[in-house]
Protein chains: 2
Amino acid sequence: MSTKSRREQIHDVASQLFSERGYHATSMRDLASQLGMQGGSLYAHISSKEELLVEIVDQAARQFDDALMPLKDADMGPEDKLREAMRRHLEVVTHNLESATVFFHEWKHLSPDAYKKVTDWRDTIDRLYRELVQEGIRKGVLRADLDVKMTAYLLLSAVNWTYTWYRPGGTLDATSIANHFADMLLVGLRTEPR
Amino acid sequence: MSTKSRREQIHDVASQLFSERGYHATSMRDLASQLGMQGGSLYAHISSKEELLVEIVDQAARQFDDALMPLKDADMGPEDKLREAMRRHLEVVTHNLESATVFFHEWKHLSPDAYKKVTDWRDTIDRLYRELVQEGIRKGVLRADLDVKMTAYLLLSAVNWTYTWYRPGGTLDATSIANHFADMLLVGLRTEPR
DNA sequence: CCTACCGATCGGTAGG
DNA sequence: CCTACCGATCGGTAGG
């Protein structure tokens, strides 16, 4: 795919290096040499190192938003909606493993404005998962004695932590991971009925 | 507690700064100024910046080991053992939030030897959780149709991801988080029986 | 996109 | 533990 603009190429290599080594441990000269150019030449295409980080993080956030937010008003049962949220969430993580890793690890290094956008975004996603849980309880599909906040954290743990162990090319894809997790979470690990 | 050696004080401040800003974004002068000394003076107490990182990460790993490994041969039922593992795991995370954060985020920046120790350690913990799950299945306490690997990942997600949202001083402690998570995981979120 | 360079800052050392 | 300093490297710029 050599149709990619030079800017996109820089963006891709930056995702890769930032996710592997971290933002501060990656120099602009590292980046440039991976692209076969000199350090200073990068600035013909971008204006600063932080601009790159902001773009990677923003793009990751947008992917999560585009995948998850339409579910709010989706016409589905609570269980299907929860399963679909996990599936889509995991699709974003597994299909954008590098930018997702940068998103989870490097957002601390953003300047105040971009930093705030990320924390706001996190709150939005938290809220979405809490609403899904609440809706499930209200409609009698999820147990009424659940702590909504803790339940949302548990769901988010499962889908987010995946970036630490998932490696592409294996037999697992987002859908099968989501099915595994949702089955365990909804039905429980124990044999003994309650 | 002014009985702490200067070395321990350096270690503590390093944990704090490395967890907040990251290893590479923390300079030795940042560290020194928090301790009221000059950058160069640190080297009267330590030999290098990486030595600090290695110590923080090693200490965190040792805390997890000391808490979890004795459970392997503990004389407990599978469910209690699983609950106790989660409780102890969460106790380490919540009581050492800063070093746990450094452990989860900054181990990539270790030199090859220390790096390998961390990946080996991770495998050990993975294995422990898988054994706990396997034992639960074998003794009929956990569902026989569980995928052992995925189940272990799910458990580890819950206890590990906690470092991202837990803030000390709230009403939740390790035990109550562990109870919440274990109840949800073992019994399931759904009302409908299977 | 390259060459050549800027000031700033880095981890670390010597000598006291 | 301080002062003063080292070479190396950083992000970024100017001029072509």
Side-chain angles (χ1 to χ4, degrees), chain A residues 1-58 102 105-115, chain B residues 1-58 102 105-115:
Chain A
M1 205 87 62
S2 57
T3 63
K4 280 197 177 166
S5 72
R6 202 68 193 177
R7 224 195 128 91
E8 286 174 302
Q9 291 178 35
I10 296 172
H11 184 281
D12 288 352
V13 175
S15 289
Q16 183 197 319
L17 294 184
F18 291 174
S19 71
E20 280 172 11
R21 313 180 188 177
Y23 177 67
H24 279 106
T26 304
S27 75
M28 295 307 272
R29 285 160 180 85
D30 290 339
L31 226 169
S33 86
Q34 283 263 326
L35 290 153
M37 54 169 95
Q38 298 301 315
S41 307
L42 285 168
Y43 293 87
H45 303 95
I46 59 158
S47 68
S48 74
K49 189 184 180 186
E50 192 186 0
E51 185 195 82
L52 275 175
L53 180 58
V54 170
E55 259 182 30
I56 295 168
V57 169
D58 273 1
V102 174
H105 272 203
E106 310 295 338
W107 60 277
K108 302 187 219 177
H109 303 121
L110 292 166
S111 57
D113 279 6
Y115 183 97
Chain B
M1 204 90 61
S2 58
T3 62
K4 280 195 176 169
S5 73
R6 202 72 195 177
R7 223 193 130 93
E8 285 173 304
Q9 290 177 34
I10 296 172
H11 184 281
D12 287 351
V13 175
S15 289
Q16 185 198 318
L17 294 184
F18 291 174
S19 71
E20 279 172 11
R21 314 180 186 176
Y23 175 68
H24 278 105
T26 304
S27 75
M28 295 308 273
R29 286 161 181 84
D30 290 339
L31 225 167
S33 85
Q34 283 264 326
L35 291 153
M37 54 169 96
Q38 298 300 315
S41 307
L42 285 168
Y43 294 87
H45 302 95
I46 59 158
S47 68
S48 75
K49 188 184 182 185
E50 192 187 0
E51 184 196 82
L52 275 175
L53 179 59
V54 170
E55 259 182 30
I56 294 167
V57 169
D58 273 2
V102 175
H105 272 203
E106 311 295 338
W107 60 275
K108 301 187 219 176
H109 303 122
L110 292 167
S111 57
D113 279 7
Y115 183 96

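None of the values given here were measured: they were computed from a predicted structure. In the text below, chain A, chain B and the rest are named by the order of the sequence lines, each starting its count at 1. Note: hydrogens, waters and symmetry copies are ignored here, and every other heavy atom, side chains too, is used.
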Handout entry: Of residues 41-52 of chain A, the positions that come close to DNA chain C - non-hydrogen atoms, cut-off under 4.0 Å
Key = A/Ser41, A/Ala44, A/His45
Practice task
Give a yes or no on whether the backbone of A/Arg21 and the side-chain of B/His109 come within a donor-acceptor separation of less than 3.5 Å.
Solution key: yes
Handout entry: Between CZ on residue A/Phe18 and NE2 on residue A/His11, distance to nearest 0.5 Å
Key = 9.5 Å
Problem - Bracket notation of DNA chain C in which parentheses pair within the strand, [ ] cross earlier pairs, and | pairs with another strand (Watson-Crick or G-U, under 3.5 Å) - result: ||||||||||||||||
Exercise for the section: Kindly say whether A/Ser27 contributes a backbone atom to a donor-acceptor pair with the side chain of A/Asp30 at under 3.5 angstrom? Expected result: yes
Exercise for the section: Working to the nearest 0.5 Å, report the span between CZ of A/Arg29 and OG of A/Ser41. Expected result: 11.0 Å
Handout entry: Closest approach of B/Thr26 to B/Lys49 (non-hydrogen atoms, all atoms of both residues)
Key = O-NZ, 2.7 Å
Practice task
Taking heavy atoms of chain A and a 4.0 Å limit, find me the 5'-most and 3'-most nucleotide of DNA chain C within that range.
Solution key: C/dC1 to C/dC5
Handout entry: A/Tyr23 six-ring centre to A/Lys108 NZ/CZ under 6.0 Å and within 45° of normal
Key = no
Exercise for the section: List for me each residue that meets side-chain contact (heavy atoms from CB on, under 4.5 Å) alongside A/Tyr115, sequence neighbours excluded, and say none if there are none. Expected result: A/Trp107, A/Leu110, A/Thr119
Exercise for the section: Examine distances only and state if a side-chain atom of A/Gln9 and a backbone atom of A/Lys4 form a donor-acceptor pair shorter than 3.5 Å. Expected result: yes
Completion exercise
Note: B/Ala114 and B/Val54 closest approach over all heavy atoms is CB-CG2, 4.1 Å
Problem - Donor-acceptor contact present, side-chain B/Glu106 to main-chain B/Leu53, <3.5 Å - result: no
Exercise for the section: Could you pull out all residues at least two apart from A/Arg7 that satisfy salt bridge (Lys or Arg N to Asp or Glu O under 4.0 Å)? Expected result: A/Glu51, A/Glu55
Handout entry: Close residues, residues 25-40 of chain A, relative to DNA chain D [heavy-atom separation under 4.0 Å]
Key = A/Thr26, A/Ser27, A/Met28, A/Arg29, A/Gly40
Fill in the blank from the handout: In terms of heavy-atom contacts, B/Val13 and B/Gln34 come closest through CG1-CB, 3.7 Å
